[in-house]
Structure formats: C-alpha cells, structure tokens
Amino acid sequence: MADDNKVLIGIIGGSGLYHLDNLTQITTVNPETPWGFPSSPITIAALPSGTRVAFLARHGQGHVIPPSSVPGRANIGALKSLGVRAIIAFSAVGSLREEISPGSFVLPTQIIDRTKGIRPASFFEGTSVVAHAMFGDPFSGKLVKWLEERVRRALDAEGKGAKLFTGKCIVCMEGPQFSTRAESLMYRQWGGDLINMSVLPEAKLAREAELSYALIATATDYDSWRDQSESVTAADVFKTLKSNAETSRLVAATILDDLQRALTGEDAHVFLEETGSMQFSIMPRSEKQNPADRVKLAYVLPEYFTGEGKDVSSA
Ligand SMILES: CSC[C@H]1O[C@H](OP(=O)(O)O)[C@H](O)[C@@H]1O
Ligand SMILES: Nc1ncnc2[nH]cnc12
C-alpha cells in the first residue's frame, strides 16, 4: 500500500464526540488485541482528498464505558496495529483557571497524575519484560507546536470566539465522582490548569507504543474551586458538550489533510519524534523472560519484538 493510503492518523473522541464530519466510511474494524477489544469498533474513513483516519470513541458508542474502565491498552494497541503513527485525542475538561472559560480549547503540555493505580498503565505490566519509558514531556512537543497555529486558525475561521490556550497542565483524576472543593483548590496550588479523567494512562500507553500523541482539551466547566459558584455537575458539562463537539469536528476537518502531509512528507521523521524512543527503555533481553510475553509485546512493538519469539533487537 502506498504510504499516502495508510491509516496514519488516529482520532480518539471523548465525551460528546462520537463521530467526525465530512468523512466517507470505508469500513469498521474491531481487532482483538492481547489486551482485549477496544472501547468500540474503530471506524476507518476517508476525507474527500482520500486521507484516511481511524476514529475511536473512548467511552464506546453510546458512552457506556466509565473513565476507570476504558481499555487503554486495547485502544492504543489496536490503533498501532492499523498503522497509526499519530493520535489526536479530544477530551472534555474542567477548567481550574478563570481565563479558561467553558468553550475554550487547550493544548496541554504537562500532566499531574491523580489516578488511583487501578488502571493498567503499561503494556509491560504483568509480563516478564521491564521497561521505563521517558515521560518528562508527556505529549509530543512537535505535534502540539504544529497543532497550535492550525487549531487557532480553525477557531478564528469558525468565528464563535473560542479561545485557544497552550502550555497548560492537566490533572487526571480517577473519578467517576467530580473533585471536592478542597481538591479543586489544591490542584490550582499545584499548578494544575485543567482537569479530566481520561488523559492517563492513554498518553503513557501512546508513548510506550512510540506514537505521537497530543490532546485537544475542550473546557466544559469551572470544576469546584470558585467559592461563589455551585460545584460542577454533569449537567454543567453536558451544556457545553454539544457546541464543543461541533467545534472539535470543524478543527478535525481543518487539520487532517495537513497532518497527513506532515506525516508522509520528507520531514516526517522530525515530526514523529517518538519513533525509536523505546529502544533504550526496555531492559536487556534475559533468559528469565517468558518468550510468550515477548510475543504479546510484538503486537504493539514489532520494532523490538517479533511474533515468533525471534527478537530483532538485543532488548
Ligand atoms: C462527562 S463529564 C466527565 C468525563 O468527561 C471527560 O471525558 P473525555 O475525556 O473522554 O472527554 C472526562 O475525562 C470524564 O471522563
Ligand atoms: N470538572 C471536571 N472534572 C473532571 N473531568 C471533567 N471533565 C469535564 N469536566 C470535568
């Protein structure tokens, strides 16, 4: 298959974003990965130009999967198995800052982990292979930078006045209940600007799979830190969700062809900075490792493990 026809772009839709616009559906696939099935069948669709994307609804079609139960490893593993190299993930978030009003779009660059350790967060978990991925910069810096000017242009063209913020820090909490007022105030003191329940372990797994990953966060509410305001309810979130999803679809429609060009152009290797990043993260091969684990890992990292257990690297 020519590189141009491959599905290089994965889109993960969050709350309210269960499909994209202006796409012709080619097929749906539901790959069974070593970590089970993804949240929903993945739609492979084409833009009028022919650019293909793989779309996955994080909470399943009909929003039936709560944040703590999203099958992150199956989702990222399945997208990688389709040939995806870069993921744009959308998420509805609470704002911890006055200036980030509901309706604002944000490209975060940092994460504070407030999940409770109950979500499987590594492909290596439960295997005899140990790896420590770099995660100091949890999003793909080049992809985020690239998105900045294009998302801004799309928001300006839409003319609804949606603001764009970059360089912000997102807190990922376990949920499903929202934060207490005390927690919300504490996250502000910690330097948090946004809060959601979804960016982890998604971002960690994308990094382990050597995929470029960026989050387009859309603010729906002010969480619970404003002492003169009611604390956040799901109804508050739903009020903004529809309009944010419409704008998200427009943003996606505006950037996808350009992104495909960036991923297939001669500078793609610069753009895909995660490629090769696991090379020195995987502990050297040892006879104590279970060959079946290496076969399992080959599903997501065929670059380092092979399906037959004959490894291509010294890892
Ligand atoms: C519907 S309110 C809380 C819910 O919304 C966000 O979902 P997503 O990130 O998938 O858009 C948030 O992370 C929570 O899961
Ligand atoms: N206030 C909030 N807390 C956590 N996740 C959210 N998603 C949308 N708003 C949220």
Side-chain angles (χ1 to χ4, degrees), residues 10-20 38-40 55-72 75-76 79 87-98 100-108 111-116 118-119 138-139 168-188 190 192-206 213-226 229-249 251-252:
I11 305 288
I12 299 181
S15 298
L17 189 66
Y18 308 111
H19 68 92
L20 295 177
S39 297
S40 64
F55 179 86
L56 171 61
R58 182 184 289 122
H59 301 281
Q61 289 299 336
H63 204 123
V64 289
I65 306 173
S68 305
S69 308
V70 169
N75 288 351
I76 299 297
L79 290 172
I87 295 177
I88 309 284
F90 286 87
S91 172
V93 304
S95 166
L96 300 172
R97 302 287 158 194
E98 193 64 47
I100 307 178
S101 47
S104 298
F105 276 55
V106 190
L107 300 172
I111 305 177
I112 294 174
D113 188 355
R114 280 277 297 163
T115 62
K116 304 279 164 120
I118 61 172
R119 307 177 182 192
F139 299 100
K168 301 294 181 194
C169 175
I170 183 162
V171 176
C172 186
M173 61 175 295
E174 188 62 54
Q177 300 83 358
F178 291 115
S179 307
T180 63
R181 288 189 187 275
E183 287 164 340
S184 197
L185 287 165
M186 177 180 75
Y187 297 146
R188 278 166 54 83
W190 284 0
D193 301 302
L194 312 167
I195 184 161
N196 83 349
M197 305 176 192
S198 301
V199 71
L200 294 177
E202 202 169 86
K204 289 183 175 177
L205 295 166
Y213 177 91
L215 189 78
I216 301 186
T218 59
T220 50
D221 57 271
Y222 276 118
D223 201 45
S224 301
W225 55 271
R226 285 161 124 207
S229 305
E230 293 294 309
S231 61
V232 63
T233 65
D236 296 332
V237 174
F238 295 145
K239 259 185 240 154
T240 336
L241 221 47
K242 190 163 172 277
S243 147
N244 282 357
E246 276 163 15
T247 307
S248 299
R249 279 192 273 273
V251 166

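One-based numbering, in listed order, for ligands and for the atoms of each.
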Visitor: Considering only protein heavy atoms, which is closest to atom 6 (C) of ligand 1, and at what distance to one decimal place?
Guide: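 It is Ala92 O, 3.2 Å.
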Visitor: Pull out every atom of ligand 1 sitting under 4.0 Å from any heavy atom of Ser198, numbered as shown with elements.
Guide: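 Result: 7 (O), 8 (P), 9 (O), 10 (O), 12 (C), 13 (O), 15 (O).
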Visitor: Distance check, rounded to the nearest 0.5 Å: His19 atom NE2 versus Gln61 atom CD?
Guide: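 CD of Gln61 is found 9.0 Å from NE2 of His19.
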Visitor: Which ligand 2 atoms are under 4.0 Å away from a heavy-atom of Met173?
Guide: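 Answer for ligand 2: 4 (C).
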Visitor: For atom 10 (C) of ligand 2, what's the nearest protein heavy atom and its distance?
Guide: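 Scanning the protein heavy atoms, the shortest distance from atom 10 (C) of ligand 2 goes to Gly94 N, 3.4 Å.
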Visitor: What I want to know is whether His59 and ligand 1 share at least one N or O pair that is separated by under 3.5 angstrom.
Guide: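 Min N/O separation from ligand 1 is below 3.5 Å for His59.
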Visitor: Going by the order shown, which atoms of ligand 1 are within less than 4.0 Å of some heavy atom of Val237?
Guide: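 Going through ligand 1 atom by atom, the ones under 4.0 Å from Val237 are 1 (C), 2 (S).
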Visitor: Which of parallel (below 30°), tilted (30 to 60°) and perpendicular (above 60°) describes Phe139 and Tyr213?
Guide: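 Parallel: the ring planes of Phe139 and Tyr213 meet at under 30°.
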Visitor: Should Ser179 and Met186 count as side-chain neighbours, where that means a heavy-atom distance under 4.5 Å?
Guide: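 SC-SC contact between Ser179 and Met186 ruled out.
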Visitor: Do the non-hydrogen side-chain atoms of Trp190 and Ile112 ever get within less than 4.5 Å of each other?
Guide: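 With C-beta onward as the side chain, the pair touches.
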Visitor: Using a strict 4.0 Å cut-off to heavy atoms of Asp221, name the atoms of ligand 2 that fall inside it.
Guide: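 Listed by number with element, the hits are 1 (N), 2 (C), 8 (C), 9 (N), 10 (C).
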Visitor: Should Ser68 and Arg119 be marked as a side chain to side chain contact (heavy atoms under 4.5 Å, CB included) after you check the CA-CA gap, both sets of side-chain angles, and the distance that decides it?
Guide: CA-CA 6 Å; Ser68 305; Arg119 307 177 182 192; 3.9 Å; yes
Visitor: As an exercise, identify every atom of ligand 1 less than 4.0 angstrom from a heavy atom of Arg58.
Guide: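 Those of ligand 1 that fall under 4.0 Å from Arg58 are 8 (P), 9 (O), 10 (O), 11 (O).
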Visitor: Can you sort out which atoms of ligand 2 are near Asn196, meaning under 4.0 Å from one of its heavy atoms?
Guide: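 Per the distance check, 4 (C), 5 (N).
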Visitor: Under 4.0 Å from a heavy atom of Ser15: give me the atoms of ligand 1 that qualify, with their elements.
Guide: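 Those qualifying, in numeric order: 1 (C), 4 (C), 5 (O), 6 (C), 7 (O), 8 (P), 10 (O), 11 (O).
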Visitor: Return the CG to CD1 distance between Asp193 and Ile100, rounded to the nearest 0.5 Å.
Guide: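 So the gap between those two atoms works out to 5.0 Å.
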Visitor: Is any side-chain heavy atom of Val232 closer than 4.5 Å to one of Val237?
Guide: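 With C-beta onward as the side chain, the pair touches.
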Visitor: For ligand 1, find out whether one of its N or O atoms is nearer than 3.5 Å to an N or O atom of Gly14.
Guide: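 For ligand 1, there is no N or O atom that lies under 3.5 Å from one belonging to Gly14.
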Visitor: Compare Ser198, Ala92, Ala219, Ala234 and give the one whose heavy atom is closest to atom 7 (N) of ligand 2.
Guide: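 Going through Ser198, Ala92, Ala219, Ala234 one by one, Ala92 has the nearest heavy atom to atom 7 (N) of ligand 2.
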Visitor: Within a distance under 4.0 Å of any heavy atom of Pro67, pick out the atoms of ligand 1 and give their elements.
Guide: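 Those of ligand 1 that fall under 4.0 Å from Pro67 are 15 (O).
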Visitor: Ligand 2 versus Val93, non-hydrogen atoms closer than 4.0 Å: side chain, backbone, both, neither?
Guide: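 For Val93, the contact with ligand 2 is made by the backbone alone.
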Visitor: Using a 4.0 Å cutoff against the non-hydrogen atoms of Ile195, which atoms of ligand 2 qualify?
Guide: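 The atoms of ligand 2 under 4.0 Å from a heavy atom of Ile195 are 1 (N), 2 (C), 3 (N), 4 (C), 5 (N), 6 (C), 10 (C).
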Visitor: Using a 4.0 Å cutoff against the non-hydrogen atoms of Met197, which atoms of ligand 1 qualify?
Guide: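 Those atoms are 12 (C), 13 (O), 14 (C), 15 (O).
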Visitor: To the closest 0.5 Å, what do you measure between CG (Leu194) and SG (Cys169)?
Guide: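 The distance works out to 8.0 Å.
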Visitor: Can you tell me the protein heavy atom closest to atom 9 (O) of ligand 1 and the distance?
Guide: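 That would be Ser91 OG, 2.6 Å.
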Visitor: Using 0.5 Å steps for rounding, measure from the CG atom of Asp113 to the NZ atom of Lys204.
Guide: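 These two atoms lie 4.5 Å from each other.
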Visitor: Any atoms of ligand 2 less than 4.0 Å from a non-hydrogen atom of Asp223? List them with their elements.
Guide: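 Heavy-atom distances to Asp223 below 4.0 Å select 1 (N), 2 (C), 3 (N).
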Visitor: In this structure, which one of Pro102, Ser184, Ser231 forms a side chain to side chain contact (heavy atoms under 4.5 Å, CB included) with Tyr222?
Guide: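 It is Pro102; the other options fail the test.
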Visitor: What I want to check is whether the side chains of Thr247 and Asn244 have a donor and an acceptor closer together than 3.5 Å.
Guide: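 Checked: Thr247/Asn244 side chains show no N/O donor-acceptor pair below 3.5 Å.
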Visitor: Calculate, to the nearest 0.5 Å, the distance between atoms CG and CG belonging to Asp236 and Leu241 respectively.
Guide: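 So the CG of Asp236 and the CG of Leu241 are separated by 11.5 Å.
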Visitor: Using a 4.0 Å cutoff against the non-hydrogen atoms of Thr220, which atoms of ligand 2 qualify?
Guide: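 Heavy-atom distances to Thr220 below 4.0 Å select 8 (C), 9 (N).
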